[in-house]
Amino acid sequence: MNLKRLKWIAVLAPIGFIGVLEYSRYALAPVFASLQGRLLITGVVAVGAIFFYGAIFTLIAYIEKSLERKNRELSALYSTGLDLTSVLAPEELLQRVVDLARNLLSTRYGALAIYNEDGSIQNFVTSGIDNTEAASIGSLPVGRGLLGFVLREGQCLRVPQVSADSRSCGFPENHPPMNSLLAVPLSCHSPIRGNLYVSEKVDDTDFTEEDQQVLMRLASQTGIAMDNSYLHSQVKGLAVAEERLRLGRELHDVQAQILAYVNTKTQAIEGLLAGGRVEEAQQHLQSLSTAAREAYADVREGILGMRTPVDGEGGLGKAIEAFIEVWEDQAGLKVNGEIGEIPELGNEVELQLIRILQEALANVRKHARATRVKVEASFLQERLLLRVEDDGVGFDSPSPVARSRPRFGLATMKERAEAIGATLEIRSQPGGGTRVELEWSPK
């Protein structure tokens, strides 16, 4: 029943009732002429009004109840939709969906199962069963019986009495009693497969077709969220793999330059020794030794960069703190770090930011001869600020002093900043230290 029908009932029913009364009064005029007749017609009108308004309010209560249920459903679907953008951990997402399903359909129990390719259950999340009850039940279900039917057939299942169904395999010991069951498959485009279950309505009524439609809509939304979570994990993996390839190319370029430098120096030393110029040869050997130490430090920093996780607990802020701690041990230089709380910025942005920081600190170690280093990272007013500052020897800005071997650090940092749409400013002067400052804002 909808409001449009209710409006027409409210208009037509009184008209019809009055018409019937008028016809009755006309047909039975002698009877209604007496006092008893008038009282009778008044009583009929009163009784009719009572029944009419009772029916109207019953319909209104039914419509209100239906609207409340629809509102709960829309609220649950909206909450699940928010999970599409929040990128929850899979376990947290599954638990939230099960709780939503149970509350939405007012059931005592709920469950969500995710299956492996061989049909075995990978995750089984429950709602309405506490940890003690779950532990007493024992191991996870194996996907036989009614649970397996939904998985194999990919169809919805609505059973009023589980024990009476021929496909049921029964319940394990200590399992809470369950009579009714409603199960629907998750609609996923990713390799993820699973089912959503609810059991035992609080009012002990059977599940209806409308209940099934509600759970199917929630399962469809959940499938989108699971696909999103799966794609997010894939993107993370691809971002890490691409970054490792990029670091590998950078290490290859650096080592190629070092090998070319070593080859040139070696040829020069051979020539000097052949000409008896031992002292000059020793000077070249010292330069070669210094280059070897720098190459060793570069390799160690490159390996450290590959091992620095950005997507772990705490995100970018914790990754920066962890890298600084290890860098201090390698460089033998204390860092004054001011790292604020930084929200999730996306895999590509976070990777580039941590690499820029690593390159800036590598330049401090190799070139600055600094006694003080400060690192700041903050996210305020939708703007990220990353600053690395030292009190070292500096250089003529904007171009560093030419060195005996090429240096690509500054150019690499600028390329990384441009790749994520950030602005990078490098300020330095001879004897005045160097400051590297990056700003980034989400578009």
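All values reported here derive from a predicted model rather than from experimental measurement.
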Would you please test Tyr109 and Leu181 for side chain to side chain contact (heavy atoms under 4.5 Å, CB included) and show each step?
CA-CA 10 Å; Tyr109 308 106; Leu181 175 68; over 6 Å; no

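- Note that the CG atom of Leu384 and the CG atom of Leu353 stand 5.5 Å from one another [nearest 0.5 Å].
- Contact between Val97 and Leu218 at its shortest, heavy atoms only, is O-CD2, 4.2 Å.
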Check the pair Trp327, Leu357 against side chain to side chain contact (heavy atoms under 4.5 Å, CB included), reporting the backbone distance first and the verdict last.
CA-CA 11 Å; Trp327 184 86; Leu357 171 66; over 6 Å; no

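- When side chains are defined from C-beta on, Ile426 counts as touching Phe395, because their heavy atoms get closer than 4.5 Å.
- Between the OG atom in Ser289 and the NE2 atom in His284 there is a gap of 14.5 Å [rounded to 0.5 Å].
- When each of Glu210, Glu209, Arg217 is checked for a side-chain hydrogen bond (donor to acceptor under 3.5 Å, both in side chains) with Gln213, only Glu209 meets the rule.
- Between Thr126 and Val98 the shortest side-chain heavy-atom distance does not fall below 4.5 Å.
- Remark: Arg435 CZ to Glu376 CD distance equals 9.0 Å, nearest 0.5 Å.
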Side chain to side chain contact (heavy atoms under 4.5 Å, CB included) assessment of Leu438 paired with Thr423:
CA-CA 6 Å; Leu438 178 142; Thr423 59; over 6 Å; no

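- Ala377 and Ile342 get closest at one heavy-atom pair: CB-CD1, 4.0 Å.
- Put simply, the side chain of Val375 reaches to within 4.5 Å of the side chain of Leu361, judged on heavy atoms.
- Val198 has its side chain within reach of Leu215: a pair of non-hydrogen atoms, C-beta onward, lies under 4.5 Å apart.
- No side-chain heavy atom of Leu333 sits less than 4.5 Å from a side-chain heavy atom of Arg372.
- Taking a 6.0 Å sphere around CD of Glu325, one finds it holds 12 or fewer heavy atoms contributed by other residues, nucleotides or ligands.
- Closest non-hydrogen pair, Ala281 versus Ile269, comes out as O-CG1, 4.0 Å.
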Determine, stepwise, if the pair Leu186 / Leu196 fulfils side chain to side chain contact (heavy atoms under 4.5 Å, CB included).
CA-CA 7 Å; Leu186 297 182; Leu196 180 59; 4.3 Å; yes

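- There is no side-chain donor-acceptor pair under 3.5 Å between Arg355 and Gln352.
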Should Arg369 and Asp391 be marked as a salt bridge (charged side-chain N to carboxylate O under 4.0 Å, His left out) after you check the CA-CA gap, both sets of side-chain angles, and the distance that decides it?
CA-CA 8 Å; Arg369 299 201 294 273; Asp391 63 348; over 6 Å; no

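- Annotation for Gly394 and Ser428: closest pair CA-OG, 3.2 Å, computed over non-hydrogen atoms.
- The side-chain contact (heavy atoms from CB on, under 4.5 Å) with Thr107 is formed by just one residue from the set Arg102, Met178, Glu200; it is Arg102.
- Across Gln282, Arg277, Glu279, Gln283, a single residue satisfies side-chain contact (heavy atoms from CB on, under 4.5 Å) together with Leu272, and that is Arg277.
- Across all non-hydrogen atoms, the minimal contact from Thr208 to Arg158 is O-CD, 3.7 Å.
- Separating the CG atom in Leu345 from the CH2 atom in Trp440 is a distance of 5.0 Å, to the nearest 0.5 Å.
- Using a 4.5 Å heavy-atom cutoff, the side chains of Glu382 and Pro442 are in contact.
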Glu437 and Arg427: salt bridge (charged side-chain N to carboxylate O under 4.0 Å, His left out), yes or no, with the steps?
CA-CA 8 Å; Glu437 187 171 287; Arg427 297 180 181 178; 5.8 Å; no

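- One finds the CG atom of Leu182 at 7.5 Å from the SG atom of Cys156 (value rounded to the nearest 0.5 Å).
- Looking at Lys201 and Phe207, their side chains come closer than 4.5 Å, going by heavy atoms from C-beta outward.
- The two residues Ile356 and Ala417 come nearest to each other via the heavy atoms CD1-N, 3.8 Å.
- Rounded to the nearest 0.5 Å, atoms CG (Asp390) and NZ (Lys374) are 13.0 Å apart.
- Between Ser127 and Asp99, the side chains place a donor N or O and an acceptor N or O closer than 3.5 Å (distance only, hydrogens not considered).
- Residue-environment remark: CD (Glu439) exceeds the threshold of 12 foreign heavy atoms within 6.0 Å.
- Remark: the backbone N or O of Glu344 is not paired with any side-chain donor or acceptor of Glu350 at under 3.5 angstrom.
- Between Lys265 and Ser287 the shortest side-chain heavy-atom distance falls below 4.5 Å.
- Between the side chain of Ser180 and the backbone N or O of Gln161 there is no donor-acceptor pair closer than 3.5 Å.
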